[in-house]
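First comes the structure, then the notes that go with it.
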Amino acid sequence: MRPRTLASRFALLSVLLLCFALAASALIVRSRLREAADAHAQAELARGALLITSLLEQRGERLVLAARTLAADYGLREVMALGDAASILEALRNHGARIGADRAWWLPRSGEPIPSPAPFAPKSLDEPSKVLYTLIEGRPHQVILVELRAPARLGYLALAYALDETTAERLSALSGLTVRFTAADGEGTSAAHERLLPLGDGGLHALLTADLESLSSAFRAAERQILLLALIPLIAAAFAAYRLSLRITRPLEELAAAADRIARGEFEPIALPDAPTEVHALAERMASMGRSLAEREARLAELAYSDPATALPSRAGFIARLNARSAGEPLAVLLCEMPPLREIAATFGAAAADRAIAASASRLKSALGREATLARVGEQMLALGFASASEDEALAVAFALLAALREPMPLDPAPVWLEAQIGIALAPAHGRDPETLLRRAEAALTLASAWPERCAIYQPGLEERRLRAISVLGALPSALTDGGLELHYQPQVRLADGRVAGVEALLRWQDPRLGSISPSEFVPLAEKAGLSQALTRHVLSLALAEARRWRAEGVAIELALNLSALDLLDQSLPAQLRTLLAEHAIEPERVTLEITESAAMRDPERSGRVFARLKNLGVKLAIDDFGSGYSSLAQLRQWPVDELKLDASHVRALSAGGPRAEAILAASLELGRRLGLRTVAEGVEDAAALAPLKRLGCDRVQGWLVAPAMPAAAFRHWWRERTGRWPLPAA
């Protein structure tokens, strides 16, 4: 029946209008809450992805540290060097279990892995360590690859750690997300609260799912409150319904605006002074939800910007704090590296190293005596940032910190001494942003490690030199294969008759992009990068091939070649040299291998064994730069050397005159003569040095007075012009 009275119609109309307003408001709130939930889910997934990536990287770093400690085990390296498969399998089982690895493999530089096959195939093995993610027998694993050296690279040790449910639950507890590891390709993750996080390039992913339960419960509570509020105006009169509708719809609009703010990440209090109790309850639940989200964001930020082991700011936290300082304010950034922490971690464990660096941070704070920002920016590094207007002030602070660290530090089970080195960068002189200052303070560490003060301020050009070293090292493998490296040859003349008796092969590199690169620049880099063996084999092969061509042309002379310090520790060198001599049909007695005395003293016992095996081949052995290092006469007596090559610095001193220079050379020549060794003087640049050498009985000379080092073709031309002789100057 239709209502007939105006009041009833008004009341009905009011109720209908009120119902419509309530329904519209409910839809608005529902929509805003859903948008807020989706937006928050995406924000949580993004932050969680960063955190989980950081946690997995930290886990990988800890596992790499443990694996490096294992790779340093002498017994393990000896087993791997022997190459017995059964022994290697047993060592892998024992040592892998010792550090908690689920599976372990040995990847030699050549040959099949043990056990074979390996369930993964890394794209390259050119790094000291690598972290991979892959499926092994259908289960996700984190694989640690570490280089094994003895001291040359033997291969890689691979240790697999399962990414099981326990790992996923731990990551879930820290991130607030549900974590599951999968090999899915991305399909089925279109929901707003899910995200696939790729792990490495092995096709493994972490599926992250945001927990929307708290938002859903708040949403359901809001719906119940709206339904409850709808009953009140239905009983009231039309006028009361109209008035009540105003009191309800306005607060709901406020709640909708609050939901928008929550979606934007603004967690402000919700103030509704005139709203009904039910709307207040809904507002309180939304406010509670906002507080929970704010606390969770703060926790995620804390984990992302702090070091969990020491509670110090991380590198990101350090940069963020320095960025908050006033622009243009003078600033000093000190990067303090403590190399002994690596030994502490290897001896007492990573936890002991964390305690030591935390204690060091406390000691640095006490010694600093001023307001500063202190952070842990590496396994063995602390960074300090403080206001400083001068280099002298920054150096004074650095010296005080170094002195504080030199005091014994109590650490269970024994006290330790933390020798440190500090690199300094200042703003605005060396950069204006914290990232640049940190990078340049790190560059200054390369100077500090070589200076007795163990402290250095950044100097312009340091980064360029480091960049050049990286460029040189990157270009070296190509130079070894495309002919970028070549040998020049410097003649050696017998003083008895002026006959050209031999040549020394000297390595040269002219790069089209980097220009001329000295051996003193790229040889140390090759040794650090594990390319020393390849470089030596390349030089031996080039020189012996050239010697074969000379012999075919009638140029029968001796060939002198330089060996590095690492070559003396290479037990495979004698066998490889034997192969090259046979391949090029070169008589061993025509080859002289030159070794500096400082290199031979690095490991006399092991060097002596390589010396003996090289001597058994029939080649001649020479001590190069004799008199420039710490000569050991006892080792000289024991080593089977044939030649002493006098250091050029003593020869050049003859040109300046003085009895001391001649006396030193006379003693060296007499020593060689009494030991039955041939003597060669290098660096002879003028007749003033040649005359006393001839008078003192030196056997051979080489240097610019005779001829500079020249390419092979130029040397052959030089030889033919002189018919193998050099005219000795008149006495």
Side-chain angles (χ1 to χ4, degrees), residues 305-307 310-341 356-409 416-466:
Y305 287 90
S306 66
D307 173 48
T310 60
L312 292 171
S314 64
R315 185 185 186 96
F318 182 73
I319 292 173
R321 294 192 182 192
L322 293 190
N323 278 329
R325 301 172 68 93
S326 301
E329 181 181 355
L331 176 67
V333 171
L334 276 61
L335 197 59
C336 179
E337 183 179 34
M338 293 168 280
L341 285 174
I357 201 168
S360 302
S362 177
R363 185 173 291 184
L364 292 181
K365 281 184 178 179
S366 300
L368 195 59
R370 63 174 68 194
E371 183 180 353
T373 300
L374 180 65
R376 183 179 185 179
V377 295
E379 289 297 324
Q380 296 90 36
M381 286 189 185
L382 292 173
L384 297 94
F386 57 89
S388 177
S390 68
E391 292 186 359
D392 292 340
E393 183 181 5
L395 283 171
V397 171
F399 290 140
L401 299 181
L402 289 173
L405 288 175
R406 290 192 185 104
E407 295 297 323
M409 183 176 297
V416 296
W417 284 260
L418 290 182
E419 285 293 333
Q421 53 205 29
I422 293 179
I424 303 172
L426 302 172
H430 304 144
R432 296 185 178 275
D433 61 280
E435 188 69 47
T436 300
L437 293 173
L438 262 179
R439 190 175 66 250
R440 291 183 172 173
E442 187 173 1
L445 276 175
T446 60
L447 294 178
S449 61
W451 290 359
E453 298 88 352
R454 315 301 288 178
C455 181
I457 294 178
Y458 172 78
Q459 297 177 2
L462 273 179
E463 287 184 304
E464 288 76 6
R465 290 197 291 272
R466 295 178 74 186

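Between the CG atom in Leu395 and the CD1 atom in Ile424 there is a gap of 4.5 Å [rounded to 0.5 Å]. To the nearest 0.5 Å, the span separating CG on Leu401 from CG on Leu364 amounts to 5.0 Å. The line from OG1 of Thr436 to OH of Tyr458 is 9.5 Å long, rounded to the nearest 0.5 Å. Note that CZ of Arg454 and CD of Glu337 are 9.0 Å apart. Values are rounded to the nearest 0.5 Å. For the atom pair Leu382 CG and Arg363 CZ, the distance stands at 12.5 Å (nearest 0.5 Å). Atom CG in Asn323 sits 7.5 Å away from atom CG in Asp433 (nearest 0.5 Å).
Between Ile319 and the choices Leu437, Leu438, Val377, Thr373, the side-chain contact (heavy atoms from CB on, under 4.5 Å) rule is met once, by Leu438.
The closest side-chain heavy-atom distance from Cys455 to Leu402 is below 4.5 Å. Leu405 places a side-chain heavy atom less than 4.5 Å from the side chain of Ser360. A 4.5 Å side-chain heavy-atom check between Met381 and Arg376 finds every atom pair outside the cut-off. Here the side chains of Gln421 and Pro339 are in contact, with some heavy-atom distance below 4.5 Å. Between Leu384 and Val397 the shortest side-chain heavy-atom distance does not fall below 4.5 Å.
When all heavy atoms are compared, the tightest approach of Leu331 to Gly385 is CD1-C, 4.2 Å. The heavy-atom pair separating Ala420 from Cys336 by the smallest distance is CB-SG, 3.8 Å. Across Ala332 and Ala394, no two heavy atoms sit closer than the pair CB-CB, 4.3 Å. Closest heavy-atom contact between Ala367 and Ala400: CB-O, 4.4 Å. Across every non-hydrogen atom of His430 and Arg440, the tightest pair is O-NH1, 2.5 Å.
For Glu442, there are no side-chain hydrogen bond (donor to acceptor under 3.5 Å, both in side chains) partners, not counting sequence neighbours. For Ala429, the side-chain contact (heavy atoms from CB on, under 4.5 Å) criterion is met by no residue, not counting sequence neighbours. The side-chain hydrogen bond (donor to acceptor under 3.5 Å, both in side chains) test applied to Glu435 returns Arg315, not counting sequence neighbours.
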side-chain contact (heavy atoms from CB on, under 4.5 Å) between Glu419 and Met338, intermediate numbers included: CA-CA 6 Å; Glu419 285 293 333; Met338 293 168 280; over 6 Å; no

